[in-house]
Q: 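Would you mind keeping the following structure in view while I ask a few things?
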Number of protein chains: 2
Amino acid sequence: MAPVTTDLTHGARPGVPTLDEVAVLAGVSRATVSRVVNESPRVSPEARVAVQAAIEQLRYVPNRAARSLVTRRTDTIALVLSEPNSQVFSDPFFASIVHGVSAALAETDLTLVLLTARDAREQRKIARYARQGHVDGVVLMSLHSEDLLPDMLSEAAVPLVLCGRPYDGREVAYVDADNRGGARVATEHLLGLGRRRVAALTGPMDMIAGVDRYAGWVQALADAGREPDPALVAHGDFTEAGGEAAMARLLDQAPDLDAVFVASDPMAVGALRALRAAGRRVPEDVAVVGFDDAAVATTCDPPLTTVAQPLDRMTTELVDLLRARIDGEAGPTESRTCPTRLVRRASA
Amino acid sequence: MAPVTTDLTHGARPGVPTLDEVAVLAGVSRATVSRVVNESPRVSPEARVAVQAAIEQLRYVPNRAARSLVTRRTDTIALVLSEPNSQVFSDPFFASIVHGVSAALAETDLTLVLLTARDAREQRKIARYARQGHVDGVVLMSLHSEDLLPDMLSEAAVPLVLCGRPYDGREVAYVDADNRGGARVATEHLLGLGRRRVAALTGPMDMIAGVDRYAGWVQALADAGREPDPALVAHGDFTEAGGEAAMARLLDQAPDLDAVFVASDPMAVGALRALRAAGRRVPEDVAVVGFDDAAVATTCDPPLTTVAQPLDRMTTELVDLLRARIDGEAGPTESRTCPTRLVRRASA
DNA sequence: GCCTGTCGTGGAAGCGCTCCCACATTTTCG
DNA sequence: CGAAAATGTGGGAGCGCTTCCACGACAGGC
């Protein structure tokens with residue numbers, strides 16, 4: 001019953017123009033409009049100009065649902081924060097990564113979906129979500145050793161890049177900072193200051209960043225011919241409160257410590273407070289080096305000497321790597337480790 | 001050329017099952033499967049069971065692109081952080097809101113898209129994105145007075161809820177904390193402690209939360225029969241560094257102050273540092289009250305008396321209100337203001 | 001016992017887009 | 001100068017889904 005001629009009114013649908021309407025206005029076929037929109041070279045200049053004018057006039061924007069239905073792409077990637085502790089959400093490092101990825105994507109036509117998984121049930125929900133093809137790829141961050149997502153996603157052949165080296169050394173693309181090298185340099189700096197009892201306030205040991213930064217401290221001591229003293233090690237959880245508590249333990253275990261390498265800036269801020277509470281001066285009595293070069297490192301008292309990660313570069317690499325994998329251009333499991341850099345301030 | 005019989009292989013498409021395959025397996029038509037999936041009541045129990053079994057067996061999940069193409073819904077909402085200063089991204093308040101909204105949505109079938117707009121260009125890009133129908137609705141947060149998005153989005157009839165009262169009192173749905181009331185109570189608390197010179201360290205005055213919290217301070221003074229002294233006011237930007245600088249100014253302008261109401265906890269932490277640097281004891285010399293009840297309020301020294309916002313409730317309301325608007329059930333511009341609560345700790 | 005009304009169901013028409021294919025030109029080269 | 005290749009274009013199929021419509025089966029009312 002419907003007329004065969006193109007029906008542009010479609011009842012009372014509001015303003016949103018379609019490809020057809022652009023085609024009619026430009027005096028070409030739908031296919032040609034599509035080619036212009038998708039920047040195909042096989043379009044004559046005249047047609048291109050006409051179509052662009054029509055697009056402009058109609059304020060046409062392609063319907064993404066229709067497009068992904070046929071292209072099987074969504075132009076969306078998920079950033080999964082797999083972290084039971086919701087407080088970590090405000091960790092400056094994660095905030096920076098989220099912000100950086102978002103910024104890197106703003107340049108492209110990709111959209112960022114932020115997902116959080118607090119437990120195994122939510123991890124499964126996210127895997128399912130990804131398997132449906134709702135996203136073209138996934139960036140996984142804040143990985144703990146027991147996380148299910150790397151397995152579930154790679155099994156489902158979802159393009160995947162980890163932010164942080166995988167805990168178990170599996171074959172998967174990742175971007176990481178040179179945590180070990182950074183920690184080594186930080187510790188060497190403390191040793192170079194003439195400190196004799198350099199403690200380590202580590203991150204959680206079920207996270208690779210925690211493990212690697214600890215390993216860097218161990219290595220620096222070894223290189224200097226020292227044996228790591230267990231009394232000089234305390235484990236934190238990357239939070240300020242955790243750092244404060246761990247520092248208090250450290251002072252208890254090794255009252256004679258004269259320097260401490262702290263595996264994250266928020267923890268270092270907590271450590272500074274514990275040191276002050278214990279009456280130690282920083283850096284005179286105890287030199288402190290943090291990790292991350294978070295904003296707080298410049299504002300705390302004293303300002304923190306810390307290890308900076310190249311966040312911009314890391315987020316760019318993250319996005320590049322994922323895009324390559326989505327486009328199928330990826331090498332097997334290409335990965336990048338970005339150099340870190342010591343930033344000297346007053347605390348050491 | 002293609003056979004009329006249902007072609008289930010479709011070339012070499014990998015595992016993802018479609019409605020058709022479920023229908024064939026269950027021995028019903030596509031329409032019936034669709035009804036089961038969408039929980040239509042018009043399905044016989046037998047058919048329903050058969051379809052559910054088939055769905056289970058095939059691990060079928062509906063293709064969202066296909067669905068939204070016809071339903072014109074995406075089951076996605078955007079959380080837009082419209083903030084030029086990327087550092088604010090790690091503000092504990094925003095982190096909490098993002099996390100809370102994400103959690104509230106986890107219960108539903110909606111997905112959260114996080115978008116950031118650093119400047120007018122990005123605001124336009126986001127408006128365009130929303131106009132295309134890529135999201136069903138938008139939550140706007142961190143609004144400054146000159147933000148273009150409320151206008152652009154409401155003009156485009158995109159369902160919209162603001163997190164925070166609109167600056168200009170326009171007609172738009174919003175959820176906000178009772179900032180003014182909280183500030184008033186905080187200030188009254190300081191006055192009730194017998195403090196005579198109660199200063200205000202405000203947030204940015206182009207944000208409504210900054211304005212309202214300042215107004216609460218003014219009101220409490222007025223209620224107590226005092227005139228607000230301009231020397232007792234300094235403006236911050238909700239950051240720790242800004243709070244520290246503003247506190248220093250305040251001490252300069254009014255060395256005799258004996259209490260200060262600070263419009264956010266991060267600023268209060270900065271203020272504590274400035275006070276310590278100036279040799280003032282907290283709370284003996286200067287009592288301090290913050291705002292937000294951020295995690296840092298419990299860990300700083302001394303722990304902060306502060307005004308807590310009901311974050312869980314606010315995020316739930318935010319999502320409820322937006323859903324109602326998306327479903328077209330919304331009253332004109334229903335809004336909610338959530339009560340705040342004073343949390344007493346050592347700083348006042 | 002026939003006429004309605006309800007109910008469950010399947011057929012089929014699209015949603016807006018991409019892309020394969022065929023066709024009509026035009027260009028290039030043996 | 002004719003055949004082959006290149007080029008721009010439009011027709012049309014179909015992505016996976018929802019939903020309108022029609023149809024048969026059965027129930028109840030007179």
Side-chain angles (χ1 to χ4, degrees), chain A residues 1-11 13-24 26-51 55 58 60-75 132-134, chain B residues 1-11 13-24 26-51 55 58 60-75 132-134:
Chain A
M1 62 208 67
V4 181
T5 58
T6 320
D7 174 10
L8 295 183
T9 56
H10 268 306
R13 194 163 46 74
V16 191
T18 70
L19 243 197
D20 288 80
E21 299 172 53
V22 175
V24 169
V28 299
S29 71
R30 277 208 320 284
T32 299
V33 177
S34 178
R35 282 188 271 263
V36 171
V37 170
N38 294 295
E39 295 175 337
S40 155
R42 306 223 162 291
V43 181
S44 68
E46 306 82 62
R48 185 181 308 279
V49 168
V51 169
I55 287 175
L58 259 26
Y60 167 77
V61 273
N63 177 314
R64 203 175 282 202
R67 172 180 284 174
S68 33
L69 183 56
V70 34
T71 60
R72 311 192 149 276
R73 292 189 47 156
T74 59
D75 295 323
Q132 290 181 271
H134 289 182
Chain B
M1 60 212 70
V4 181
T5 58
T6 319
D7 174 11
L8 296 183
T9 57
H10 267 307
R13 193 162 47 70
V16 192
T18 70
L19 242 197
D20 288 81
E21 299 172 53
V22 175
V24 169
V28 299
S29 71
R30 279 208 316 282
T32 298
V33 177
S34 177
R35 287 186 194 102
V36 172
V37 170
N38 294 296
E39 296 175 336
S40 157
R42 304 224 162 290
V43 181
S44 67
E46 307 82 61
R48 185 182 307 278
V49 167
V51 169
I55 287 174
L58 260 25
Y60 167 77
V61 274
N63 177 314
R64 204 176 278 202
R67 173 181 282 174
S68 41
L69 182 56
V70 36
T71 59
R72 309 191 153 278
R73 290 188 50 157
T74 59
D75 294 325
Q132 290 181 271
H134 289 182

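Quantities reported herein were computed from a predicted structural model and do not represent experimental measurements.
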Q: Can you measure A/R42 atom CZ to D/dT9 atom C1' for me and round it to whole angstrom units?
A: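 Rounded to the whole Å, the gap is 12 Å.
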Q: Where the side chain of A/S34 meets the backbone of A/R30, is there a donor-acceptor pair that is under 3.5 Å apart?
A: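 Side chain of A/S34 to backbone of A/R30: no pair is present.
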Q: Rounded to whole Å, how long is the line connecting atom CZ of A/R48 with atom C1' of D/dG8?
A: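 My rounded result for the distance is 11 Å.
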Q: Heavy atoms under 4.0 Å is the rule here; annotate nucleotides 18-23 of chain D 5' to 3' with B where the base is hit, S where only the sugar-phosphate is, and - elsewhere.
A: BBB---
Q: With a 4.5 Å heavy-atom cut-off, do A/R67 and A/N38 have their side chains touching?
A: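 They are in side-chain contact.
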Q: What is the distance, rounded to the nearest whole Å, between atom CG of A/L69 and atom P of C/dG14?
A: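 Checked: the CG to P distance equals 17 Å.
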Q: Determine the contact category for B/A47: base if any of its heavy atoms lies under 4.0 Å from a base atom, sugar-phosphate if only primed atoms, P, OP1 or OP2 are that close, otherwise nothing.
A: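 Contact class for B/A47: sugar-phosphate only.
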Q: With distance as the sole test, does B/S68 use its side chain to make a donor-acceptor pair with the main-chain N or O of B/R64 at under 3.5 Å?
A: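 It does hold such a pair.
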Q: Using atom CZ of A/R73 as one end and atom P of C/dG16 as the other, report the distance to the nearest whole Å.
A: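 Taking atom P of C/dG16 as the reference, CZ of A/R73 is at 23 Å.
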Q: If you check the B/T18 side chain, which of C/dG10, D/dC15, D/dC17 turns out closest?
A: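 The listed nucleotide nearest to B/T18's side chain is D/dC17.
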Q: Please assess A/T32 against A/R35 for the test side chain to side chain contact (heavy atoms under 4.5 Å, CB included), listing each intermediate value before the final yes or no.
A: CA-CA 5 Å; A/T32 299; A/R35 282 188 271 263; 3.8 Å; yes
Q: Working to the nearest 0.5 angstrom, can you tell me the gap between A/R48 CZ and A/R42 CZ?
A: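 One gets 11.5 Å once the value is rounded to the nearest 0.5 Å.
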Q: From CZ of A/R64 over to C1' of D/dC15, roughly how many Å is that when rounded to an integer?
A: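 About 18 Å, once rounded to whole Å.
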Q: Taking all heavy atoms of A/V37 and all of A/Y60, pick out the closest pair and write down the distance.
A: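 Shortest heavy-atom separation between A/V37 and A/Y60 comes out as CG2-CE2, 4.1 Å.
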Q: Quick one: is A/S68 getting a side-chain N or O under 4.0 Å of the D/dC15 phosphate, OP1 or OP2?
A: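 Checking A/S68 against D/dC15: no side-chain N or O falls below 4.0 Å of OP1 or OP2.
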Q: Which atom pair, heavy atoms only, marks the closest approach of B/V33 to B/A23?
A: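 Result for this residue pair: CG2-CA, 3.5 Å.
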Q: Send over the distance from B/E21 CD to D/dC15 P, rounded to a whole Å.
A: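 Rounded to whole Å, this separation is 11 Å.
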Q: Separation of A/E46 atom CD from D/dG8 atom P, in whole Å?
A: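 In whole Å, D/dG8 P lies 10 Å from A/E46 CD.
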Q: Could you state the atom-to-atom distance from CZ of A/R72 to P of C/dC17 in whole Å?
A: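 Distance, rounded to whole Å: 18 Å.
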